[in-house]
Amino acid sequence: MALDFTTPADLENALRKAMEAMRRGPVESWERRDIVLALLVSLHFSDESGRRLAGPLSHVFEDSASARPLGGLPPGDRPALVRRFLLRAAAAVRRLDEGVQSRLMEAFEGVRLDFESLAYPEALGDAVESFLGESQASVRFSGEHYTPRGLVDLLTEIARPRDGMRIYDPFCGTGGMLLHAKRYVDAHGDDSRRPDLAGQDVNAVTAELGALNLYLNRIPLAALEQGDSFVAAPPGVGDVDLVLSAPPFGLHLREDQAQALDRYTSCGSVSERGPADWPLMEYMLRMVTRRRGSVCTVVSHGPLFRAGRDQAVRSALLDADVVEAVIGLAPNLFSSTAIAPCVLLLRAPGGKAGQRHGKVLFVDASREYRRGPDRNVMRSEHIERIVSAVRGFADVDRFARVVDRSHIAANGDILDIRRYVDSAPLPEPQSLQAHMSGGMPVAEIDEKKTLLDAYGIKPGQLFARRYGDAAFMDFLPPPERPDARKLTELAQDREQRLGAALGEWWERAAGDVARLAPEESSLESTDRRMGRLRRALLDAWNASVTAPGVLEAGSLSAAFTDWWHESGPQLRTFARRGRLLPPVEDLSALREGMEAKIDGLAVARRRELVETYERWQQKYGLSFREIESQLTGPSAGFVQNNPWSRRSAWDLSSMNGAGVADRRRQTAQSIYALTDTEKTVEGALAKLDVDELMALLPVLAAEPESEDEVDRLLLRDVVRAARTGTSGRLTEEPGGVPAVEARHLTERGFSPTVLRRRRADAPPRDAEMLVRGDVLLTARVMAGRGYRAIVWEEQLPRATYSGSVLRLTPDTERVLPGYLAIWLSHRAVHPRLYAQARQSRDALFDLPAGRLLNVEIELPSLRDQQRILDGTSALAGQRELRYAQLAKLDLIKRTMLRDLESDRTSVDYAS
């Protein structure tokens, strides 16, 4: 059924088609953006008047600019800004030929743009805001940037604007900060007053875009002008309650700007030669002083520690007790700079809450981000954690710290966050006693108490108590030891409770959402109804979904925030039209969206549980003593040939009773013995290399007429297919199919380190997917390793392979996959492979699949192949034990060396 309104998808498609119409042309990228927006707003004005304009686009823009009144814009500077924008776009569009202009008009054909025809009134503004974000508003002068959505949301959540507040942004850009402040008030407000919004920007282009953005988002009463905020605020903007701004980085002042800011400084005259950061802070603080307001702004880290005048201003502001929080964020959040920003929360003198007087909160949120394709992104869970720390104003281990004024003074009034908060990850705890003799330290189990309690799991379900030693528990015997399936079963009860709580929440929420449908008698605005609905849904959410305790409160809060943002267009359409956006037919789709989010969080939480136990088992599940026993038998049989064992050093607690000097000496002697043992193990590994080499040599050296039944055939006779993987199209972003690369094929088999994936927009075909029994070969000689081959045993549930890997499908009636992998990895075979690679035209001598099939292979009977395979498998088992032994030795030695270097040899090694 045809819709009688314009959907967000219609607007998105029209904007995309318009940009594609100008993909090649005599205009710059920022001019293309401006032409599209000018066309959008001109057609909107004409649709509002009931008569769509036609003709050359330059005339359309000029006619729109000369209309009186201009699209219903309020009096003030904003109509002039919009007119200027349209006239500038008219000059640019004249450089486009008639065909391009015709395609531009066709992009919006059939798309009604008046507010009444939209799915919901703010749809046009949402489309424009998204369009501006994607086009990354062009850089005009030093330090200017488009503020990312995550940072805008963070500042708004920290500042907490309220109804009736006077809010000002002296560097408003495209108006995003003011827009989100208004949306925050709508979502959290409880009366009918509106925030009083004002903004100013010195850049004509961004001020014009800001005027358009606020108008199309249905914010008609915001006072937005072009002007220099350093010199004067806009007329009518006096004292305010909140300054919310993200100024450009690295600004320096002109002489007239410095003289204007002299009125607000408390530390001598402002120089035009110095940076503008702190003079700007003083200016913004002066604007909120009379109304005891707040300043929430963004700076670089330089102002936090620079000496000279910057230090004098910092000291003055700290003495005035106006600095409440200093928050360091991740680098590379902006599209135009990799600078790591810092958020400052300032309060007017006397504006701090009582318990915060004389204190400053430092937050190191430099790790709160997710890597995106071209920049880092702050998501809701990161924002939630930062905001919770700011509102809680308490110490959070390795994240936030409340510091007294006296301590800051002792540090020279430097506000560098790293000076007060150490957010570096702690090293993985290591118990030498557990590594040597086995067992699991109870202290490390206690560190994961929150995770285990979330699922109601007791340590006794994972480990056995050790009698006589309360500091350790023992791993259960292998048949009883929990695996991923068992841990999933243990988590099932709490996850079912979480699902039931989510269903209970939706039962209550569905009725509230249904009442959002339009009523003839209702005079309440959609914004207020949406705000009331959000509060009702959030209250029910906190009362029900948090109860099972599986997921952390911050994760649940972030999930609700994301769901609300994503469901916003559907809910607003429902409030306006009484129906949802196609293809969604009923409200159950909103429930499914939330269920998908919670399911994803639950899976991640369960994965954390499984990985935690697997990490414990990998670390301590096989002790050094057990490795030695498996390799050489009971201890009586190997003491004589193991330097470490000769010292009878399984129990390191014998060091605890000696003096510091004796402990240091004993530790040094232990390190000597460990080093000797490392050499012994490395020698054993070298002997295994020889044994593996010898295992296949009789076959390779067999004479054609000998009694040994060894055939010599070309690989093409025993391999059904040989293919090289697809080069390129790989990314580290999650979501695609993982690709096996040459670096993943090692002498120890498949090593899934740093998996890259095929991009979601270029998925592999079915024929490119790996299947059990495939033999994978490196297409290039690996440094120091030659060629490597493995048998694919579905080490990953789904996987493809890259251009650095050859995939062979063996004829299993003639050759076993394991034998083929052993033969291809054998050093005596590599010269044959390399000879074929040398004949290729590839500059790196990659081995072509076609030439590989020309190589001759020695092929014993299937029974002899299996015998060779069994022998090499036994050698591989010994090799794995030796590697595990070597890793244990290295870890123990490094731990002892670190303790010796830091003079911690008096510390109990078992702790």
Side-chain angles (χ1 to χ4, degrees), residues 27-42 44-45 57-58 60-62 64-67 70-71 73-95 125 128-129 131-133 135-147 168-179 197-217 219-220 222-237 245-254 256-257 260 276 280 334-336:
V27 292
E28 301 290 338
S29 59
W30 61 269
E31 289 180 309
R32 291 199 293 272
R33 176 204 65 197
D34 292 352
I35 289 171
V36 171
L37 289 177
L39 178 58
L40 177 77
V41 76
S42 296
H44 164 73
F45 287 157
L57 289 187
S58 59
V60 171
F61 296 167
E62 289 168 351
S64 297
S66 61
L70 185 59
L73 281 168
D77 205 19
R78 284 170 63 186
L81 290 174
V82 174
R83 285 193 179 93
R84 245 176 23 210
F85 177 79
L86 291 171
L87 293 175
R88 188 165 48 79
V93 82
R94 288 192 181 94
R95 303 206 301 273
V128 168
E129 187 187 14
F131 179 73
L132 287 173
S135 60
Q136 299 172 346
S138 300
V139 175
R140 302 298 182 185
F141 63 93
S142 173
E144 187 171 347
H145 47 258
Y146 181 85
T147 309
Y168 175 52
D169 183 355
F171 299 90
C172 66
T174 58
M177 206 74 74
L178 299 175
L179 169 62
L197 305 176
Q200 183 170 249
D201 200 279
V202 70
N203 190 325
V205 176
T206 51
E208 294 162 8
L209 292 172
L212 279 177
N213 195 19
L214 293 180
Y215 166 71
L216 295 175
N217 276 282
I219 306 179
L224 192 147
E225 299 187 12
Q226 180 197 356
D228 190 345
S229 296
F230 285 122
V231 176
V237 178
S245 186
F249 295 136
L251 288 179
H252 286 69
L253 303 173
R254 301 191 308 270
D256 60 325
Q257 293 173 326
L280 178 58
F334 297 94
S335 59
S336 57

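These numbers come from the heavy atoms of this one structure, side chains and all, not from hydrogens, waters or symmetry mates. Positions are given from 1 along the sequence. Owing to the predicted nature of the structure, the values given are computational and were not obtained by experimental measurement.
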Enquirer: Could you state the interatomic distance from CG (Leu209) to CG (Leu214), rounded to the nearest 0.5 Å?
Expert: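 So the gap between those two atoms works out to 11.0 Å.
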Enquirer: Where is the tightest heavy-atom contact between Ala90 and Glu62, given as atom of each residue plus distance?
Expert: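 Taking Ala90 first and Glu62 second, the nearest heavy atoms are CB-CG, 4.0 Å.
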Enquirer: Apply side-chain contact (heavy atoms from CB on, under 4.5 Å) to Asp34 and Glu208, showing your working.
Expert: CA-CA 10 Å; Asp34 292 352; Glu208 294 162 8; over 6 Å; no
Enquirer: With a 4.5 Å cut-off on side-chain heavy atoms, are Phe131 and Leu40 touching?
Expert: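 Answer no - side chains too far apart.
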Enquirer: Taking the side chain as every heavy atom from C-beta outward, state whether Ser64 and Val41 have any pair of such atoms under 4.5 Å apart.
Expert: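 Result no, sub-4.5 Å side-chain heavy-atom pair not found.
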Enquirer: Looking at every heavy atom in both Arg83 and Ala65, which two are closest together, and how far apart are they?
Expert: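 Where Arg83 meets Ala65 most closely, the heavy atoms are NE-O, 2.8 Å.
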Enquirer: Search all heavy atoms of Ile35 against all heavy atoms of Ala89 and return the closest pair with its distance.
Expert: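 Scanning both residues completely, I find the closest heavy atoms to be CG1-O, 4.2 Å.
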Enquirer: How about His44 and Leu212: do any of their side-chain heavy atoms sit closer than 4.5 Å?
Expert: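 Of all side-chain heavy-atom pairs linking Leu212 with His44, none is under 4.5 Å.
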Enquirer: Rounded to the nearest 0.5 Å, what separates atom CD in Glu129 from atom CG in Leu179?
Expert: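 Here the rounded value is 5.0 Å.
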Enquirer: Find the distance between CG (Leu224) and CG (Leu178) and round it off to the nearest 0.5 Å.
Expert: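 Rounded to the nearest 0.5 Å, the CG-CG separation comes out at 7.0 Å.
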Enquirer: Closest heavy-atom contact between Gly175 and Asn213?
Expert: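 Answer, listing the atom of Gly175 first, then Asn213: C-ND2, 4.5 Å.
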Enquirer: Is any side-chain heavy atom of Asp169 closer than 4.5 Å to one of Phe171?
Expert: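 In short, these two side chains touch, coming nearer than 4.5 Å.
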Enquirer: Among Thr206, Leu81, Thr174, exactly one meets side chain to side chain contact (heavy atoms under 4.5 Å, CB included) together with Asp201. Which residue is that?
Expert: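 So the option named by the test is Thr206.
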Enquirer: Please give me the minimum heavy-atom distance between Ser42 and Val60, naming the atom from each residue.
Expert: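 The pair with the smallest heavy-atom distance is CB-CG1, 3.9 Å.
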Enquirer: Measure the shortest side-chain to side-chain distance between Val202 and Gln226 over non-hydrogen atoms and say whether it is less than 4.5 angstrom.
Expert: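 No; the side chains remain at least 4.5 Å from each other.
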Enquirer: Flag the pair Val82 / Tyr215 as yes when at least one side-chain heavy-atom distance between them is below 4.5 Å, and no otherwise.
Expert: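 They are not in side-chain contact.
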Enquirer: Measure across Ser229 and Tyr168 and return the closest heavy-atom pair with its distance rounded to 0.1 Å.
Expert: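 In this case the closest contact between Ser229 and Tyr168 is OG-OH, 3.4 Å.
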Enquirer: Report the residues that fulfil side chain to side chain contact (heavy atoms under 4.5 Å, CB included) with Leu39, sequence neighbours left out, ordered by chain and then residue number.
Expert: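 In terms of side chain to side chain contact (heavy atoms under 4.5 Å, CB included), with neighbours along the sequence ignored, Leu39 is linked to Leu43, Leu57, Phe61, Leu104, Met105, Phe108.
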